[in-house]
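Just below is one structure, and these are the notes that go with it.
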Amino acid sequence: MEVLRINNIRKNFGPLKVLKDISLCVNEGEVVAIIGPSGSGKSTLLRCATLLETMDGGDLIYSGEYAAKNDANGNAKYVSQAQLRQIKRKFGLVFQNFNLFPHYSVMKNLTDAPVSVQKRDKAEVEKEAQALLEKMGLGDKGDAYPCQLSGGQQQRVSIARALAMEPDILFFDEPTSALDPELTGEILKVIRDLAAENMTMVIVTHEMSFAREVADRVIFMDGGVIVEEGPADEVIRNPKNPRTQAFLNRLDQ
């Protein structure tokens, strides 16, 4: 089943064309890694997919429901705010710098949105949140505040917070870039475990060995376009496009 479809996305910042006619789809249980140099449009693509940026053109579809659709002039026309609120329940997003609420405890960070936005039962949400913290190896941290946690712990809390919303698909934007190598391993293990549970994920990453190991498919972006995509192992070990080859060779040096 198709969880996400993006058709012909365009996004400009003033005269700068950041995304130029990008199309992709993600199926249920699939892990897609997006790689590419800085400035290639990876994070902007994620921000458009998660409604943090407004596309100039293109279709954005979650499980058959349109969030935005090209009009007759080729401009992206978004559905109503009420419909977008419903669509936002379908995905979760993990940022590179955690984005936790500093004045909330870990438990309140996890339970606030499910209770106040999704109107779910507080006791049930807290029970699920505790189970998520246990799963992240943070069972005793519910009463702690973000400032009392290491970077790796904060990122695990932010993954748990995204999972607490019970999304159909999880997006990660460079989830390890703010962490030192030791803490990076912690986060990659969590994502590996989620992949083993068939969580649908789109991961912008610069960790090539991890992308090769965890992703079903790799998309290489450069200059606002998809240059190459295919099975992860194939694209990373044996890229066909010279731009992909050059990028991966630079990383190996």
Let's go through Tyr66 and Gln83 carefully: what are the C-alpha distance in whole Å and the side-chain angles of both, what is the deciding distance for side chain to side chain contact (heavy atoms under 4.5 Å, CB included) to 0.1 Å, and is it a yes or a no?
CA-CA 9 Å; Tyr66 278 86; Gln83 287 169 291; over 6 Å; no
Margin query: Run the side chain to side chain contact (heavy atoms under 4.5 Å, CB included) test on Glu197 and Leu194 for me, step by step, so that the C-alpha distance in whole Å, both residues' side-chain angles and the decisive distance to 0.1 Å come before the verdict.
Written below: CA-CA 5 Å; Glu197 294 167 15; Leu194 290 172; 4.1 Å; yes
- Message: side chain to side chain contact (heavy atoms under 4.5 Å, CB included) for Asn238 and Lys240? Distances and angles first, verdict last.
- Response: CA-CA 6 Å; Asn238 190 23; Lys240 308 277 187 290; 3.9 Å; yes
Applying side chain to side chain contact (heavy atoms under 4.5 Å, CB included), run through Phe220 and Leu248 and close with a yes or a no. CA-CA 10 Å; Phe220 172 67; Leu248 292 168; over 6 Å; no
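The two residues Ala215 and Ala33 have their closest heavy-atom pair at CB-CB, 3.7 Å. Residues Leu51 and Ala67 approach most closely at CD2-CB, 4.3 Å, considering heavy atoms. Across all non-hydrogen atoms, the minimal contact from Gly223 to Arg243 is N-NH2, 4.4 Å. Nearest heavy atom pair, residue Gln118 against residue Arg120, reads OE1-NH1, 2.7 Å. For the pair Leu110 and Ala160, the tightest heavy-atom approach, listed with the atom from each and the gap, is CD2-CB, 3.9 Å. Ala164 approaches Pro114 most closely through the heavy-atom pair O-CG, 3.8 Å.
At a threshold of 4.5 Å between non-hydrogen side-chain atoms, the residues Leu4 and Phe171 count as touching. In this structure, the side chains of Gln86 and Tyr62 stay at 4.5 Å or more apart for every pair of heavy atoms. Counting heavy atoms from C-beta on, the side chains of Gln153 and Val157 never come closer than 4.5 Å.
Checking side-chain atoms of Arg85 against main-chain N and O of Val117 turns up no donor-acceptor pair under 3.5 Å. Distance alone, capped at 3.5 Å, places no donor-acceptor pair between the Asn75 side chain and the Asp71 backbone. A donor-acceptor contact shorter than 3.5 Å links the side chain of Lys11 to the backbone of Thr54. A donor-acceptor pair under 3.5 Å links the side-chain atoms of Lys42 to the main chain of Gly36, judged by distance alone. Side chain of Asp121 to backbone of Glu124: a donor-acceptor contact under 3.5 angstrom is found. Remark: the backbone N or O of Thr244 is not paired with any side-chain donor or acceptor of Glu228 at under 3.5 angstrom. Judged purely by atom type and a 3.5 angstrom limit, Asp180 uses its side chain to pair as donor or acceptor with the backbone of Leu183.
Screening residues 1-41 for ring-ring contact (aromatic ring centres under 6.0 Å, His included), with sequence neighbours left out, gives no hits.
Remark: Lys141 NZ to Asn109 CG distance equals 15.0 Å, nearest 0.5 Å. Rounding to the nearest 0.5 Å places CG of Leu100 at 13.0 Å from OH of Tyr145. The CG atom of Leu170 lies 4.0 Å from the CE atom of Met199; values are rounded to the nearest 0.5 Å. The distance from atom CG of Asp173 to atom CG of Leu46, rounded to the nearest 0.5 Å, is 5.5 Å. Rounded to the nearest 0.5 Å, atoms CZ (Arg217) and CD (Glu234) are 13.0 Å apart. The structure places CD of Glu186 at 4.0 Å from CZ of Arg156, a figure rounded to the nearest 0.5 Å.
Leu60 is connected to Ile219 through a chain of hydrophobic side-chain contacts under 4.5 Å among Ile, Leu, Val, Met, Phe, Trp and Tyr, so both are in one cluster. No single ILVMFWY cluster, assembled from side-chain heavy atoms under 4.5 Å apart, contains both Val218 and Val202.
Between Asp59 and Lys69 no salt bridge is recorded (no basic side-chain N to carboxylate O distance below 4.0 Å).
Every residue was checked against the ring-ring contact (aromatic ring centres under 6.0 Å, His included) condition with Phe95, not counting sequence neighbours, and none meets it.
Evaluated for a side-chain contact (heavy atoms from CB on, under 4.5 Å) with Leu19, the options Asp56, Leu45, Asn8 yield exactly one hit, Leu45. The one candidate from Ile191, Ile169, Val94 that meets the side-chain contact (heavy atoms from CB on, under 4.5 Å) condition with Met201 is Ile191.
In this model, a donor atom of one side chain and an acceptor atom of the other lie less than 3.5 Å apart for Gln130 and Glu134.
A cation-pi contact, defined as under 6.0 Å to the ring centre and within 45° of the axis, links Arg161 to Phe101.
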